There are 2 protein chains.
Amino acid sequence: MPASSHPSPSRSGQVTMAMVATRAGVSTQTVSNALNTPELLRPETLERVLRTIDEMGYRPHRAARSLRTRTSRLIGYGIRSAASGGSSPILDRFLHALSATADEAGYRILLFASPAGPDSLAVYEELLGERGVDAFVLSDTHRGDRRQRWLDQRGIPFVAFGRVWSGRETGDWVDVDGAAGTDAAVEHLAALGHRSIAFLGWPRGSGAGDDRAQGWLRAMRRHGLPVRGRRAESTDDVPSAAAAAVPLLDAGATAVVTASDTLALGCYRALGERGAAPGREVSVTGFDDSPAASLVSPGLTSIGQPLEDVGRECIRLLLGRVEDTGRTPERVLLAPSLVVRDSTFAPL
Amino acid sequence: MPASSHPSPSRSGQVTMAMVATRAGVSTQTVSNALNTPELLRPETLERVLRTIDEMGYRPHRAARSLRTRTSRLIGYGIRSAASGGSSPILDRFLHALSATADEAGYRILLFASPAGPDSLAVYEELLGERGVDAFVLSDTHRGDRRQRWLDQRGIPFVAFGRVWSGRETGDWVDVDGAAGTDAAVEHLAALGHRSIAFLGWPRGSGAGDDRAQGWLRAMRRHGLPVRGRRAESTDDVPSAAAAAVPLLDAGATAVVTASDTLALGCYRALGERGAAPGREVSVTGFDDSPAASLVSPGLTSIGQPLEDVGRECIRLLLGRVEDTGRTPERVLLAPSLVVRDSTFAPL
DNA sequence: GAAAGTGGTTTGAACGATCCAATGAAAGAG
DNA sequence: CTCTTTCATTGGATCGTTCAAACCACTTTC
């Protein structure tokens, strides 16, 4: 059987649609249909074309498809500047979940460095201008973050990991219910028999921090436990947290719920400095279940975020919005889970 | 001045090269040249075209360019399956450095989920087949990793973060000199006056682990310090490490150099269990300078990897190879740096 | 018996850029 | 004054795919 002539199957080992077409004895459009709208083909033709595709190891050229369909099937994720410090929300697991879910839907994640400054929008604009992405996933959203409004005005699909705490919200988001987390921590401690449960949080004004404080507050009230003088604030570093914890311990707290693992380890230090030990004299809980939580002694009871679920939901919402841009905003609030280790115990 | 007619500047707000061309009174080819080979243009033409590009906010369409040039200007990075456990090499900072450097060169990072199993190559094949990426950055390389060979045989540019410890090496890599790190730790401890310095490492056979052990060994020999019975092994978790540290402490070690922060915190625990404290009775050093190192009390002296540099070097090597595929393999070994905290002290 | 469907496939024209070869104008050589 | 060389610019083809419309061989409808 002589090799079919027109599209040379030689060179570069790259198989094109035309080659598949001649080999299967159909037109290129039919090959295209076999992949994109199989229901249009007669079953036997479909089968034949698909088999040929398989035999030849054909894969559609992403750029060509992208050019024609005017979509890139790429989702942009701006990784914040490392300089900005900030608690990396255990990026690792989140990103993995994001790419895994996206992959399943035929999308991929495009990673770009996004400066923290006010000109952060420039990169987003560039990416859109060159039609490099169809949509964005945002994280590390903060009060006064201009990205949501900016994207919304241009009709670009996006999802944020993290609520928009300020004023009028725009767009879809997925977040973890911080209040439910600290609430669960109080529940756990109360069940163990604690009655003097303090809270060590971040300075008011950060959405997530206030949310976590709220959960402690409502659980304490529900149990009829005292909250006056049992609350302190600190920036997110160990020395400050240790200092902030002192008055709480002086006031006789037998347990401290905190807004982060860093703050919790500040309590560890404060306890160590007064010759006491977490998990023996005083119970301590953290937030985030960061790697450090399982490494320290005693192991830190902490609140784990379901980052895999967050990633999955982000993609789900995003794809929904790509299909129906005008849809009413959708929000997903996921429950964190308490990971009990040795830093919490039954007193007396 | 009547609006030029041919390419309608209306619709979708998207500016194309043809629009820029008519507006600047040149052909599309000249616009292309202005961006890609400016030296071909007469200075005044160049200036005029560039100004027009700027005024109209034109950006080349990535897919169109990609289709024609047969390059995607995308670099693939497979994020390993989270299930595979393994210490994430502080992915965060590395990825940021990677994307920041790539951005500067006009490249972007394409993130994809890469399963740990033996069929991991499937994703790489898919990405190449659809011409989705020009090159790959590999990390989490391990003995018997088939990716390097596989890519090399196909002539696909790649760089690995991490040496290929097994047999014949293929391709470029960037790595951190683990031996230099543990060597520096011993240096530091010896300078403080320690003479009985033990090493707690991973089971032999892992390239990186053996490398770190080697650094300890050579520094000890250089100082004429005894090594017999001063070396132990443990898997990378706190309980095992704590158990493995016991004989070292029993043998009277006043300092322990470890192959990871996790192992170091195992020593913390072992010390705590015998009523001693790191940084007071015994010095301890970790490896990686993970976030936990600065959170624990006392702060853990650890060896920090220059991940920003690693990322930068990866991209540098990669771009070099994209230009000259046949080039002889290049390797970069970067020095880690000792971060001194409170877990090391001068004895007696 | 001509018009109107029908399902399956093909044809021709984009999509927006770059490659290659060709062109015109200006400059230098004989 | 013609002929070549050099420089700057242009025209047309092309990358691999999908869209829109046309086509084809039949069947159904009135």
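Remember, predicted model here, so these are calculated numbers, not experimental data. FYI, side chains are in, hydrogens and waters are out, and symmetry mates aren't considered; it's all heavy atoms of this structure. Proteins get letters first, then strands, A, B, ... in listed order; numbering begins at 1 in each.
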Walking DNA chain D from its 5' end, the first of B:T28 and B:R42 to be reached, judged by nearest nucleotide, is B:R42

- prompt: Would you say A:T30 reaches C:dT10's phosphate, i.e. side-chain N/O to OP1/OP2 under 4.0 Å?
  reply: yes

Here the gap from B:M17 atom CE to B:H61 atom NE2, rounded to the nearest 0.5 Å, amounts to 12.5 Å

- Task: Could you check whether the rings of A:Y124 and A:F136 sit parallel, tilted or perpendicular, using 30° and 60° as the cut-offs?
- Result: tilted

Rounded to whole Å, the CD-C1' distance (A:E39 to C:dT9) equals 15 Å

Dot-bracket for DNA chain C, 5' to 3', Watson-Crick and G-U pairs with both distances under 3.5 Å, [ ] for crossing pairs, | for partner on another strand, reads ||||||||||||||||||||||||||||||

Atom CG of A:L41 and atom C1' of C:dT10 are separated, to the nearest Å, by 12 Å

With the side chain defined as heavy atoms from C-beta on, B:P60 is closest, among D:dA8, D:dT18, C:dA17, to C:dA17

A:R62 CZ to D:dT18 P, in whole Å, measures 12 Å

Open item on the list: Do A:R131 and B:Q14 have side chains that approach each other closer than 4.5 Å (heavy atoms only, starting at C-beta)?
Closed with: yes

- request: For C:dA14, take OP1 and OP2 only and decide whether either is under 4.0 Å from a side-chain N or O of A:R68.
  value: no

Among C:dT10, C:dA17, D:dT9, the one nearest any side-chain atom of A:N33 is C:dT10

Whole-Å distance, B:M19 CE to C:dG16 C1', equals 10 Å

* Does B:S27 put a side-chain nitrogen or oxygen below 4.0 Å from OP1 or OP2 of D:dT9? -> no

- Task: Compare side-chain N and O positions of A:T69 against OP1 and OP2 of C:dC15 and report whether any pair is under 4.0 Å apart.
- Result: no

Tightest non-hydrogen contact, residues B:I53 and B:V31, listed as CD1-CG1, 4.1 Å

* Asked: OP1 or OP2 of D:dT17 sitting under 4.0 Å from any side-chain N/O of A:T16?
  -> yes

Atom CG of A:L35 and atom P of C:dT9 are separated, to the nearest Å, by 14 Å

May I ask you to say what B:S66 touches in the nucleic acid, namely base, sugar-phosphate or nothing, with a heavy-atom cut-off under 4.0 Å? nothing

For this session: Could you tell me whether the side chains of B:T52 and B:Y58 share a donor-acceptor contact shorter than 3.5 Å?
Result: no

Here the distance between atom P of D:dC15 and atom CZ of B:R73, to the nearest Å, is 21 Å

From CG of B:L67 across to P of C:dC15 the rounded distance in Å is 14 Å

Which of B:V322, B:I109, B:V159 passes side-chain contact (heavy atoms from CB on, under 4.5 Å) with B:I75? It is B:I109

Side-chain N,O (A:R70) to OP1/OP2 (C:dA14) below 4.0 Å:
no

Closest of D:dT17, C:dT9, C:dC19 to the A:H61 side chain is D:dT17

Between CE of B:M17 and P of C:dA14 the distance, given in whole Å, is 18 Å

Side-chain contact test, heavy atoms from C-beta onward, threshold under 4.5 Å: evaluate it for B:R312 versus B:D309 and give yes or no. yes

Regarding the side chain of A:Q29, the nearest nucleotide among D:dG16, D:dT18, C:dT18 is D:dT18

Would you call A:E130 and B:R65 a salt bridge, taking side-chain N to carboxylate O under 4.0 Å as the test?
-> no

